[in-house]
There are 2 protein chains.
Amino acid sequence: MDKPSLRDVARRAGVGTTTVSRVLNQHPNISDTTRARVTAAIEQLGYVPDVGARHFRLGRTHAVSALLPMIGTPFYETLLTALHGPLEAQGYDLALFPLLGSQRVRRFRDASALAYRADALLIVSQHPDELYGGPPPFRGPTVLLDAQHPTYHSVSFDNHSAGRLAAEYALGRRLPIVFLDGADAPGAPGSPVFVARRAGIVQTLGRHGIRPVLTVSVLPEQEGLRLAAQQIAARRPPGPFLLLAMTDDLALGVRQHLHDSGGLRLGEDYLLLGFDGSAAAAAAGLSSVVQPVQAMGEAAASVLLEALRGELNTLVQRQFSPTLREDRSTALQADPQQHPT
Amino acid sequence: MDKPSLRDVARRAGVGTTTVSRVLNQHPNISDTTRARVTAAIEQLGYVPDVGARHFRLGRTHAVSALLPMIGTPFYETLLTALHGPLEAQGYDLALFPLLGSQRVRRFRDASALAYRADALLIVSQHPDELYGGPPPFRGPTVLLDAQHPTYHSVSFDNHSAGRLAAEYALGRRLPIVFLDGADAPGAPGSPVFVARRAGIVQTLGRHGIRPVLTVSVLPEQEGLRLAAQQIAARRPPGPFLLLAMTDDLALGVRQHLHDSGGLRLGEDYLLLGFDGSAAAAAAGLSSVVQPVQAMGEAAASVLLEALRGELNTLVQRQFSPTLREDRSTALQADPQQHPT
DNA sequence: TTGAAAGCGATACCAA
DNA sequence: TTGGTATCGCTTTCAA
């Protein structure tokens, strides 16, 4: 026999197919002796239930598909890990469909795409309107993660208020502020995340009548970082200042160069505040505006599960707020000459 | 009608189900008028074929599953993009199943896992024996990518000869060799990739009776890099030397520190050779031992497709060889005092 | 506690 | 060129 079916098992065990199905699905009303006979038959034949057939019959796949940009950052790793746990606990399997190459989006407009053979859909860091020209090809529950849209459930992060938080913290230190902005690659549209973050910073400073004493834009490259550090070292204010960087990577990269070529000492010559709460930042003692990535993943899972249970008859738009993780990099070292406290 | 089936379409168009099926599958023997009627009915009902049912009936899913370690490097991005193209061209869809968290491996031992509802399986950077305790739960064609096993088809890279190639190149330059090795994180088993690469280097040097004048092991951290650079600057041989680094990242990181704190000039004081052929290396003019990642992805796709067509009755173990991409970092600048040419 | 039979939605054989 | 019908493997009434 090529691939034994439930029927083969039934024949072998001398029972009906119903009984075998019940054994497989742990139904209560089965006598122990029958169960044993069936189990033995399963064993002997090496029977494995056909999941596709079960899926077909029940109309449910127990699958959740996630559409996401090609993955290269710890952000997605944390997010997906947090997401996966609760889903798995409820018997759902998670499959990933990265948007490989820009042209491949076409694939996701096809309703017969594998990604849509699922009970629910998660769209990560993408806007449905851009992804789909017209109506979405998937009919089931859909949740946006790290993105927002008026007609979809969403779990996202408030980047604007993250910018505000950073700016307010910076203002509180009462030091001149140097702003290390991330430049967009030429031609790139500028990530909405950075746009909001930047707006939050600039608007908040502006509302307090403050402008950075110096703003440096930098492409995230080796050479760019070095040049930025040179500029900062040359044009910095006379006393200590607070360097507000748009990302942790920028902050850490520039810190290196400020030290090596500029001789600037963190904690004495300047304070440093980053963005993202990356592991690298934590390891380096960098204060940072933290996005609760794990909590967002868990929230997405919970929205997804609710929707799958059909308990969601209202639109859920959950937006997470930033927190600020203070660390060594914003601690001014005792320096009796200028700062008695 | 909730979700129209093929039967509804047939009734609506006043034809048999067979005819509708034929229209859907572009069968030739359909009159234009019938086709038009059916198409109209499909349109009117908003009918979308049930892929799950088709899958059930045909016994094929048109899906390929890839099991891979959680993704954080451009390596996998290139690999998967190269892989995806040919598969898609043949009508196969690719779904990714990252091994999220170490415990989640359990999930992949379950034959009913979503990942196995596919026509073929690709196991990336994993050894089946470690992944599965016993027999694999998937019965269809299986291909290993970036890994090897005696009983599976595989597409992999010859790390040992990559090490040899680097060593031979280094020997050819006839300069003292400083070896910048990557240290394994404490407790980690040491990636087989690095083990082979290192062995290739050391054995080749040894065969020529050469030992590095200095070997420095470094954890890939900011602090580690700086310390390594200090050591190199302090203990380097008197004249120019060749610095052989285990990865591009290590090479580029140390170059920075050698320049900033040691004042060593690349191309005059030392030459630098890296490993991996990363984009960063190319951008920085770093010579590097290159792994043909894209070609490997394409090769995996082709093996997969052959297997799917049932044309593979012999074991395929394809191992790719490294090439060396020479760039500025191994060009010794004209220095009349020592090197007239 | 057990089983016979209907049916999920598509495809394909065989006839017409 | 078309259509009736069996069939894929499973779950689920309904009856016994």
Side-chain angles (χ1 to χ4, degrees), chain A residues 1-42 45-63 91 111-112 114 116-117 119 139-140, chain B residues 1-42 45-63 91 111-112 114 116-117 119 139-140:
Chain A
M1 202 135 319
D2 227 359
K3 190 195 167 227
S5 77
L6 181 143
R7 226 170 142 145
D8 300 322
V9 175
R11 268 199 283 267
R12 175 90 170 191
V15 300
T17 59
T18 314
T19 305
V20 178
S21 177
R22 286 199 179 112
V23 170
L24 288 172
N25 296 286
Q26 348 244 20
H27 251 266
N29 287 0
I30 292 282
S31 76
D32 284 349
T33 60
T34 310
R35 187 194 313 281
R37 273 233 301 289
V38 171
T39 312
I42 288 175
L45 293 170
Y47 167 75
V48 177
D50 182 323
V51 205
R54 177 179 291 165
H55 154 202
F56 169 59
R57 168 71 227 240
L58 297 176
R60 286 175 306 110
T61 60
H62 276 269
S112 70
L114 177 60
Y116 304 127
R117 209 143 64 203
D119 293 341
R139 298 241 147 259
Chain B
M1 201 133 320
D2 226 359
K3 190 195 167 226
S5 77
L6 182 141
R7 229 172 139 141
D8 300 321
V9 175
R11 269 198 284 266
R12 175 92 171 189
V15 299
T17 59
T18 313
T19 305
V20 178
S21 178
R22 285 195 181 117
V23 170
L24 288 172
N25 295 286
Q26 345 246 20
H27 252 264
N29 288 0
I30 292 282
S31 76
D32 284 348
T33 62
T34 310
R35 186 194 314 282
R37 273 233 301 290
V38 171
T39 313
I42 288 175
L45 294 171
Y47 166 74
V48 177
D50 182 322
V51 205
R54 179 179 289 165
H55 154 201
F56 169 58
R57 170 69 229 237
L58 297 176
R60 285 174 308 110
T61 59
H62 276 269
S112 70
L114 177 60
Y116 304 127
R117 214 175 315 163
D119 293 342
R139 296 241 148 258

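In what follows, chains are A, B, ... by sequence order, proteins preceding strands, each numbered from 1. Values below: all heavy atoms of this structure, side chains included; hydrogens, waters and symmetry mates excluded.
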- Task: Nearest whole angstrom, please: distance from the C1' of D/dT12 to the CZ of A/Arg60.
- Result: 13 Å
- Main-chain N/O of A/Thr61 paired to B/Arg117 side chain as donor or acceptor, under 3.5 Å: yes
- Taking for each residue the nucleotide of DNA chain D with the nearest heavy atom, is it B/Arg37 or B/Leu58 whose nucleotide lies nearer the 5' end? B/Arg37
- Message: Tell me if a side-chain donor or acceptor on A/Asn25 pairs with a main-chain N or O of A/His27 at a distance below 3.5 Å.
- Response: no
- Query: A/Asp50 CG to D/dT7 P: how many Å, rounded?
  - Reply: 18 Å
- Any side-chain heavy atom of A/Ser21 within less than 4.5 Å of one from A/Leu6? yes
- Query: So, is B/Thr19 close to the D/dG3 phosphate, meaning a side-chain N or O under 4.0 Å from OP1 or OP2?
  - Reply: yes
- Item | Taking every non-hydrogen atom, the tightest pair across B/Asp8 and B/Lys3 | OD2-O, 4.3 Å
- Heavy atoms under 4.0 Å, any strand shown: does B/Leu24 hit a base, just sugar-phosphate, or nothing? nothing
- Item | Interface limits on DNA chain C, where chain A has a heavy atom under 4.0 Å of a nucleotide atom | C/dT1 to C/dG9
- Message: Measure CZ/B/Arg7 against C1'/D/dA6 and give the value in whole Å, please.
- Response: 13 Å
- Item | Between D/dG9 (C1') and A/Phe56 (CZ): distance, integer Å | 9 Å
- Interatomic distance, A/His62 NE2 vs D/dC10 P [rounded to whole Å]: 16 Å
- Query: What is the distance, rounded to the nearest whole Å, between atom NE2 of B/His27 and atom P of D/dT1?
  - Reply: 12 Å
- For B/Thr17, report the nucleic acid contact type (base, sugar-phosphate, nothing); a contact means any heavy atom under 4.0 Å. base
- Message: Counting the atoms with a prime plus P, OP1 and OP2 as sugar-phosphate, which does B/Thr18 contact under 4.0 Å by heavy atoms, base, sugar-phosphate, or nothing?
- Response: base
- 5' precedence on DNA chain D between B/Asn29 and B/Arg57 (nearest-nucleotide basis): B/Asn29
- Message: Restricting to side chain to side chain donor-acceptor pair (under 3.5 Å), what partner residues turn up for B/Tyr116, sequence neighbours left out?
- Response: B/Tyr132
- Message: If the condition is side chain to side chain donor-acceptor pair (under 3.5 Å), which residues does B/Thr39 pass it with, not counting sequence neighbours?
- Response: none
- Query: Are any of the side-chain heavy atoms of B/Arg22 and B/Thr34 separated by less than 4.5 Å?
  - Reply: no
- Message: What is the separation between atom CZ on A/Arg22 and atom C1' on D/dC14, rounded to the nearest whole Å?
- Response: 11 Å
- Task: For A/Lys3 and D/dG9, give me the distance from atom NZ to atom P, rounded to whole Å.
- Result: 7 Å
